[in-house]
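Lettering follows sequence order; numbering is per chain, from 1.
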Protein chains: 2
Amino acid sequence: MEEIKVFCPATIANVSCGFDVLGLALEAVGDEMIVRKTAKKGITITKIIGQDLPLETSKNVSGVAGLAFLEKSDYNGGFEIEIQKNIKPGSGIGSSAASSAGAVWAMNELLGRPFSNLELVQFAMQGEKLASNVAHADNVAPAIYGGFTLVRSYNPLDIVPIPTPNELYATVIHPQIEVKTSDSRKILKTNITLEKGIQQWGNVGGLIAGLFQSDYELIGRSLQDHIVEPIRSILIPGFDELKSNAISAGALGGGISGSGPSIFALSKGMDTAQKVADSIKKTYQNIGIPFEIHVSKVNTQGVKPL
Amino acid sequence: MEEIKVFCPATIANVSCGFDVLGLALEAVGDEMIVRKTAKKGITITKIIGQDLPLETSKNVSGVAGLAFLEKSDYNGGFEIEIQKNIKPGSGIGSSAASSAGAVWAMNELLGRPFSNLELVQFAMQGEKLASNVAHADNVAPAIYGGFTLVRSYNPLDIVPIPTPNELYATVIHPQIEVKTSDSRKILKTNITLEKGIQQWGNVGGLIAGLFQSDYELIGRSLQDHIVEPIRSILIPGFDELKSNAISAGALGGGISGSGPSIFALSKGMDTAQKVADSIKKTYQNIGIPFEIHVSKVNTQGVKPL
């Protein structure tokens with residue numbers, strides 16, 4: 001195979017209680033990417049459609065992830081990348097992760113899968129580092145593995161794929177304001193109370209148990225974040241009202257997607273997720289900030305060929 | 001039924017990463033208790049064999065738990081309790097929880113199960129409050145539900161039973177020194193770093209996932225506590241050496257049982273758990289403090305009739 005076209009899913013990191021460790025991949029939102037082998041060494045980004053992003057390899061997340069891949073590979077050639085960028089950078093649904101993960105996943109396919117998913121995550125994390133100064137894995141892991149993933153540990157990196165209940169749908173609203181991941185990280189406190197820590201790991205345990213058992217009510221009860229959400233939500237106009245309306249409309253729960261400004265809600269079934277979208281739409285129209293809304297099944301496959 | 005004799009299991013709370021939320025019940029270690037209906041109202045503790053503990057209802061954990069039970073019950077009589085106390089108070093393997101949980105479980109059986117397991121935990125928590133000033137649930141929940149339990153939330157109380165892999169065995173050593181739960185709680189810091197919090201909820205997620213999948217390696221990797229163990233282990237002579245020797249002998253991992261001084265290790269299979277016991281025994285003989293060692297399967301039933 002000389003060339004492959006792939007779908008690179010948007011992802012929701014943190015998933016309320018799982019700050020820096022949990023993430024999930026979306027089915028209906030993502031980029032498209034064409035990757036082809038070249039005799040010329042290195043990574044060449046030939047085209048980016050949809051967003052104004054640097055083509056220069058060392059300044060582009062897929063370029064940097066690709067270079068990390070090449071460094072560990074015994075392949076003698078290089079790759080060309082074309083990106084149809086549908087996910088807006090800074091939206092909080094893993095724009096950089098989609099590009100990083102998509103690039104290395106596609107390269108791995110073209111070379112006959114020399115690397116494991118865990119290694120691909122490690123390469124893609126280099127793209128994340130370029131985007132936000134932190135090599136976090138909570139978006140690239142679900143982008144590569146699909147479904148829900150837990151980053152149990154960063155050192156050593158330990159990714160645990162978590163099963164996804166069949167009827168789980170996400171509703172995501174992206175208010176068109178900019179929140180930079182790096183800024184959104186700066187406002188966090190470096191200390192938390194032990195009491196809030198206990199609540200948080202109780203909820204992480206509950207969410208994982210709920211996902212394993214397809215216990216939607218338990219998933220809903222566990223979608224709570226007493227540590228990061230109270231601080232970051234201040235940056236997102238209408239957050240509290242929107243979340244409470246989403247739950248009134250039937251959502252199991254919700255929170256900030258990644259570092260925001262996108263907000264997500266999880267629901268059981270497409271119909272409810274759509275009702276939640278309608279409720280969110282109404283709430284946000286009153287606020288008067290432009291926005292996009294997505295309704296999507298959880299993608300259990302991760303990056304996939306198109 | 002007028003009278004019932006029950007086994008009240010010892011329990012390991014916290015289970016390394018799950019401070020205040022996780023616990024498991026043991027099969028081979030526990031108290032025995034006879035509970036019988038009486039025309040006389042209230043709770044009468046007629047006999048305690050094996051330990052010097054107060055017979056006065058309001059000063060005995062099973063008495064206090066029993067009174068909490070009676071208060072919510074429409075039963076017009078009372079109960080008499082006899083306890084064969086095999087678990088030493090202050091050992092860190094849920095001595096008070098066994099008495100509290102055993103009493104209310106037995107009473108519920110005698111009355112035809114008017115209360116749910118969750119309600120029984122709430123009654124038993126009153127006994128815990130008497131014992132340590134904190135109405136914690138991480139010992140009484142596994143004592144009543146059996147197996148592993150997660151206290152997802154205290155307010156409202158939300159207990160999640162977690163499946164137990166078939167070949168999971170615990171080795172527990174009880175060094176004969178006294179560490180009071182209340183003292184052991186006082187030395188904890190009220191703040192933790194966000195970074196350690198992230199490690200902790202990553203490990204809780206990993207442990208829950210490992211238990212659901214019978215992934216013993218993942219269970220082992222997740223048995224880490226970067227928050228409480230470094231502080232509390234100072235109170236337990238030989239802790240670090242013992243833990244490291246247990247792991248060398250084949251244990252998946254281990255830590256402090258509850259607030260100590262008991263130390264536990266989990267192993268796959270009885271043979272390994274026995275080897276771990278031998279290693280621990282050797283280590284502790286060198287230290288020169290008297291001790292007891294137990295090897296036990298995880299008890300998946302909780303309190304049970306004898």
Side-chain angles (χ1 to χ4, degrees), chain A residues 14-23 136-138 148-163 185 188-213 215 217-228 231, chain B residues 14-23 136-138 148-163 185 188-213 215 217-228 231:
Chain A
N14 299 343
V15 199
S16 289
C17 50
F19 181 68
D20 266 8
V21 306
L22 285 172
H136 58 93
D138 46 352
F148 279 81
T149 53
L150 168 78
V151 186
R152 188 200 58 82
S153 151
Y154 273 86
N155 187 19
L157 186 66
D158 190 3
I159 310 279
V160 183
I162 307 293
R185 212 160 244 280
L188 296 180
K189 296 181 176 136
T190 52
N191 283 295
I192 61 173
T193 64
L194 177 58
E195 195 190 343
K196 288 194 177 176
I198 294 165
Q199 292 176 332
Q200 204 85 349
W201 56 72
N203 282 314
V204 168
L207 181 51
I208 301 285
L211 291 168
F212 267 96
Q213 298 176 114
D215 181 338
E217 295 302 317
L218 176 56
I219 292 168
R221 295 199 302 277
S222 305
L223 287 173
Q224 289 186 38
D225 169 10
H226 300 287
I227 293 172
V228 175
I231 299 172
Chain B
N14 299 343
V15 199
S16 290
C17 50
F19 181 68
D20 265 9
V21 306
L22 284 173
H136 58 93
D138 46 353
F148 279 81
T149 53
L150 168 78
V151 185
R152 187 199 59 81
S153 152
Y154 274 86
N155 189 19
L157 186 65
D158 190 2
I159 310 280
V160 184
I162 307 292
R185 213 160 244 280
L188 296 181
K189 297 184 176 133
T190 52
N191 284 296
I192 61 174
T193 64
L194 177 58
E195 197 189 340
K196 288 194 176 175
I198 293 165
Q199 292 175 333
Q200 203 86 348
W201 56 74
N203 282 315
V204 168
L207 181 51
I208 301 284
L211 291 168
F212 267 97
Q213 297 174 117
D215 181 338
E217 295 302 317
L218 176 56
I219 291 168
R221 295 198 302 278
S222 304
L223 287 174
Q224 291 186 35
D225 169 9
H226 302 286
I227 294 172
V228 174
I231 299 172

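- Atom CG of A:L194 and atom NZ of B:K189 lie 11.5 Å apart (nearest 0.5 Å).
- The greatest number of non-hydrogen atom pairs below 4.5 Å with chain B, out of A:V151, A:L188, A:N191, A:I227, is found for A:N191.
- Only the backbone of B:T190 comes within less than 4.5 Å of a heavy atom of chain A; no side-chain atom from C-beta onward does.
- Within the 4.5 angstrom heavy-atom criterion, no atom of B:N155 approaches chain A.
- Using a 4.5 Å cut-off between heavy atoms, B:I192 touches chain A through backbone and side chain atoms alike.
- Heavy atoms closer than 4.5 Å to chain B are found in the side chain of A:I162, but not in its backbone.
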For this session: Given side-chain contact (heavy atoms from CB on, under 4.5 Å), test B:L150 with A:W201 step by step and report yes or no.
Result: CA-CA 10 Å; B:L150 168 78; A:W201 56 72; over 6 Å; no
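- Highest contact tally toward chain B, considering only A:V160, A:D20, A:N203, is held by A:N203 [criterion: heavy-atom pairs under 4.5 Å].
- Comparing A:R221, A:Q199, A:E195 by heavy-atom pairs within less than 4.5 Å of chain B, the highest count is held by A:R221.
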Could you pull out all donor-acceptor pairs under 3.5 Å where a side-chain atom in residues 204-213 of chain B meets a protein atom, sequence neighbours excluded?
residue : atom : partner : partner atom : Å
B:Q213  : NE2  : B:A209  : O            : 3.2

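- When side chains are defined from C-beta on, B:L218 counts as touching A:R152, because their heavy atoms get closer than 4.5 Å.
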